[in-house]
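To start, the structure under review is shown below, and the notes come after it.
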Amino acid sequence: MTDTAAHGADPDKPSSKRWIEVALTVDGEAAEATADVLQRYGYQGVAIEFEGIPAERLDDDELPPPTHMTVRAYIRDDERAPETKAQLEAALGHMSLMYPMPTPVYRTVDEEDWAEAWKQHYKPLRIGVRLLIRPVWVEIARRPDEIEIALDPGMAFGTGTHPTTQLCLEALDAHIQPGAQVFDLGTGSGILAIAAAKLGAAHVLAVDNDPVAVEAALENVAQNDSIDKITVQAGSLASVVGSARRFDVLVANILARVIIAMCEERLGEVIRPGGLGLFSGIMVTQADDVEAALRATGLEPFHRRVQGDWVVIEARRPAAA
Ligand code: SAH
């Protein structure tokens, strides 16, 4: 399986009506490794449930030791499902050489139930020192210095649990300057656009070529009182590169092959001279190829952040001579 499936909403996404839930209850050290493996195959990352501990108690101070937890992921029940399951089982089999591994439990979930099933297991998440991602249906006390993003990702990608989303959030936190003009290309749930706005951007243009994502992003933007700072549009690079708009920061958490293709469509030009591009959806093994493409579109990669198999590449457009 390629990173396409792992990374969720894809332009050629089939309209599958059923999902397969994969659940593994694991102990101790195996939990993180299991989550890592499922992350590669699941749509929207994984959900981790700590046995018997309600979500609202899961704040920093009370995090239980990772002894007994259930890791869940969802895959589309389509013609590729048997192959995905086989690959997942092979990866888990490999892990069983190192840890005692239970066999995965599968359950078919109808599309209508999928969002609900996901909701039961999607928990508040703290990223970096400042960002708190809160599912809209969970109440949690926010520390005064925390920036909260309330999310209902619905069927759109971008819950904050995927390493690439977390890497992009960290990079945004490090780089957004007050008053910045930001372009979020492939906004999914809108999570990065909302974070950018809350981190001080003056305006964010958020586009996605998946209507489901556009709808989810619009709802989440409204939910976060960010309507005056974020414009959500159906579209892609083409609708912007042809206009005169140039941005201080571009963030594109899509897929290596999509970013490489966009580099051939003058992706670098949407960033103002001296501005910054943050690129993810990229596996560590693909980073060299993506950096070569970024150079070809006039950008200078200068930093990588890595989480597990995933990387965000930070690149600058040279200031005009
Ligand atoms: N920004 C979110 C979502 C990333 S998933 C996050 O970081 O979590 C990638 C998103 O890009 C999906 O919503 C997908 O629909 C969108 N996408 C994929 N190819 C695209 C393209 N060519 N143009 C615009 N959006 C695209």
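Source: prediction; values computed, not measured.
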Check: When you look at Leu185 and Met262, which way does the side-chain contact (heavy atoms from CB on, under 4.5 Å) test go after all the steps?
Finding: CA-CA 11 Å; Leu185 179 51; Met262 286 179 167; 3.7 Å; yes

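- Lys198 pairs by the side chain to side chain donor-acceptor pair (under 3.5 Å) definition with Asn224, not counting sequence neighbours.
- Sorted by first and then second residue, the pairs that involve residues 229-242 and meet side-chain hydrogen bond (donor to acceptor under 3.5 Å, both in side chains), not counting sequence neighbours, are His203-Thr231.
- Every residue two or more places apart in sequence or in another chain was checked for a side chain to side chain donor-acceptor pair (under 3.5 Å) with Glu170, and none qualifies.
- Of the possible polar contacts, one joining the Asp208 side chain to the Thr187 backbone as a donor-acceptor pair under 3.5 Å is found.
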Listed pairs under 3.5 Å, donor-acceptor, residues 173-183 side chains, sequence neighbours left out:
from   : atom 1 : to     : atom 2 : distance (Å)
Asp173 : OD1    : Arg130 : NE     : 2.9
Asp173 : OD1    : Arg130 : NH2    : 2.3
His175 : NE2    : Glu314 : OE1    : 2.6

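- For Asn253 and Thr164, the side-chain atoms include at least one donor-acceptor pair closer than 3.5 Å.
- For the atom pair CG (Leu294) and CZ (Arg316), the distance works out to 13.5 Å, reported to the nearest 0.5 Å.
- The backbone N or O of Glu269 sits less than 3.5 Å from a side-chain atom of Arg246, completing a donor-acceptor pair.
- Note on Val105: it does not cluster hydrophobically with Ile75, by side-chain heavy-atom contacts below 4.5 Å among ILVMFWY residues.
- Judged as a salt bridge (charged side-chain N to carboxylate O under 4.0 Å, His left out), and not counting sequence neighbours, Asp228 has no contacts.
- Applying the salt bridge (charged side-chain N to carboxylate O under 4.0 Å, His left out) criterion to Arg295, with sequence neighbours excluded, gives Glu291.
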Next item on the list: With salt bridge (Lys or Arg N to Asp or Glu O under 4.0 Å) as the test, would you mind laying out the steps for Asp289 and Arg257 before giving the verdict?
Entry: CA-CA 9 Å; Asp289 290 346; Arg257 65 173 165 78; over 6 Å; no

